[in-house]
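Quick notes on the structure that follows.
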Amino acid sequence: MAKDEGEKSAVAAAPSPDEAEVPEPEEELFEAPERGSADELLDAGAHTDLDAMRHSTAHVMAEAVLDLFPSAQLGIGPAIVDGFYYDFKLDRPLTPADLAAIEERMAASVAADHPFVRRELPPDEGRALFVERNQPFKVEILDDLAAKAKGDGAPMPPVSVYEHGAFLDLCKGPHVARTGQIGPFKLLAISGAYWRGDEKRPALQRIYGTVWPTQEELDAYLWRRAEAKKRDHRRLGVQLDLYSFHDVSPGSAFWHPKGQVIWRTLEGAMRELQARRAYQEISTPILVSEKLWRQSGHWDLYRENMFLIETEGQMFSLKPMNCPESAIVYRTRKRSYRDLPLRFSEYGRLHRNERSGALSGLTRVRQFIQDDAHLYVRPDQLTAEIEALLGEVREAYSWVGFEPRFAFATKPDKAIGDPALWERAEELIHAALLRSGMQFVVKPKDGTFYAPKIDIYIDDALGREWQMATIQVDLVMLPERFDLTYTDDEGKEQRPIAIHRAIYGSLERFIGILVEHFAGAFPLWLAPVQAVVIPIADRHIDAARELAGVLRERGLRVEVDETSNRMQYKIRAAQEQKVPYMVVLGDREIEARTASPRTRAGEQQPAEPWETFADRVAEESRSRVVG
Ligand SMILES: [Zn+2]
Ligand SMILES: [Zn+2]
């Protein structure tokens with residue numbers, strides 16, 4: 001996604017962190033799906049009382065814009081997540097000064113406490129009203145509705161409008177009762193939008209705003225928004241030299257040494273957990289024949305997301321998931337009931353063909369690696385296995401301070417396999433969730449095409465919800481389509497159940513979320529550099545290297561700042577890189593062989609012998625303390 005100089009940057013020296021360009025259009029912080037059909041255009045997005053207030057604020061904003069720009073033509077103005085927008089066709093581009101003027105007029109309209117009044121007009125009268133007011137976009141919506149009604153052989157319904165003060169809009173509502181009920185608001189951004197999301201139609205200007213019931217909530221939201229911008233992993237990760245993005249491979253990060261340390265450390269922690277639970281790691285090919293995807297069902301239901309490669313007259317794909325190949329490994333031996341559960345983990349490199357326009361940082365990528373695993377279990381083992389998996393999730397998330405929340409996602413409309421098997425899998429998951437005593441919500445029809453699942457969510461430091469891990473109970477895709485069997489204690493062939501599970505999910509996405517959650521200040525155990533030793537003068541460099549050696553012996557990641565910069569500058573540089581510990585060495589410390597560590601939060605800790613300091617930090621790192 002980074003808009004670097006394309007080909008040039010591939011051969012030129014890597015851009016320094018300051019130069020690495022990370023564009024950040026304002027509107028990316030908003031979730032506002034494009035609306036095309038007349039029905040979508042008429043949807044005010046007002047599903048709750050808060051939404052109704054937000055949409056009402058959009059009307060008040062449109063009133064203010066018409067006041068200031070009498071020839072303005074109005075698009076639509078729905079409520080969206082955390083706010084609202086309205087689209088306008090104007091004679092000139094809006095400026096930040098315009099937003100201030102619009103806000104002022106809005107405040108006056110709120111103070112006037114106008115009632116919102118709904119009226120229904122006969123279709124002809126309604127259309128004439130918007131023609132007279134020179135609002136061609138509204139007329140177009142009405143004409144579309146009339147055409148649709150005609151096509152359906154139904155009468156055109158009356159035209160519903162909402163009025164407050166002198167302002168009138170084509171609208172189905174709902175609204176608050178009076179403008180005085182609108183809470184504290186703020187206009188946030190101006191961006192471009194096309195009428196009906198169609199670039200061949202007129203270009204409009206979109207104004208985004210937010211409104212909340214109380215000033216405290218508005219202030220909290222504005223803080224979260226500013227903080228989210230500051231922490232944006234696309235910028236912060238580049239500043240911290242963790243990774244970069246380049247046009248030569250859209251949607252795939254280039255991992256730098258420091259980012260790779262975080263990656264390997266997360267992987268290492270997961271491998272350690274998996275070893276305790278008797279997982280066995282496998283590794284399977286990335287380039288796979290279409291034959292496999294036909295067998296798994298991906299060819300029919302997932303092909304548009306796959307990168308296809310033809311060679312020697314045969315069609316191959318880069319694997320979008322590891323599942324079917326895990327089944328191939330399962331089938332290489334005859335399995336008995338005594339072999340189960342079998343837990344195959346795999347850090348497979350996956351590719352999914354996302355539209356280039358949808359790619360963004362580490363969260364919307366084309367290439368990623370999951371901490372994937374496929375568990376093959378007997379039906380009588382399933383409940384205990386799911387409970388153990390929920391425990392794995394809780395443990396792994398405790399390493400970074402996340403509290404998991406659980407959702408049960410059931411059979412989607414687009415599903416493969418016998419409905420009876422689906423029903424059974426859903427019953428088994430449900431029973432396991434109930435037995436675990438964990439709170440969960442149900443998300444109907446949100447399962448994958450081959451399995452119902454448990455999705456796991458967390459809230460990050462800014463209160464944003466992320467979907468992370470998933471545990472899928474598959475009685476269909478792997479067991480049936482790959483004809484997996486084991487022999488039971490009577491020598492009969494039985495079907496195992498396959499559990500697909502990932503705990504971090506995509507490592508790329510997980511790290512992107514962590515960068516923002518910690519604002520780059522990773523807990524000690526994950527920090528790419530855990531300590532910086534800072535010699536005050538050149539004559540202290542040898543001792544600094546010696547102390548670094550003492551720390552490295554204990555497996556710690558250490559740098560010595562041997563630059564000729566002044567001490568204060570070196571401390572500031574380490575703080576900007578969010579290094580957990582800094583140790584300044586001068587004559588006194590070297591003579592006593594002591595360290596007076598300074599934390600990145602600025603806390604000066606008491607002097608202690610080098611070995612004591614090294615042992616303490618090594619222990620802190622091993623125990624994965626967060627904070
Ligand atoms: Zn409305
Ligand atoms: Zn799988």
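All ligand and atom numbering here is 1-based and tracks the order in the structure.
For the residue pair E392 / Y397, no side-chain donor-acceptor distance below 3.5 Å is found, with atom types taken as modelled.
Residue-level check: among N/O/S atoms of H500, ND1 sits closest to the Zn ion (ligand 2).
The angle that H374 NE2 and C323 SG make at the Zn ion (ligand 2), rounded to 10°, works out to 110°. The Zn ion (ligand 1) lies at the vertex of an angle of 90° between the NE2 atom of H175 and the NE2 atom of H59 (rounded to 10°).
The closest donor-acceptor contact from the side chain of R54 to the backbone of A79 lies at 3.5 Å or more, if one exists at all. Using modelled atom types, one side-chain atom of D371 and one backbone atom of G505 make a donor-acceptor pair closer than 3.5 Å.
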Query raised in the report: Passes side-chain hydrogen bond (donor to acceptor under 3.5 Å, both in side chains), E508 versus W263? Steps please.
Result: CA-CA 8 Å; E508 280 81 354; W263 188 292; over 6 Å; no
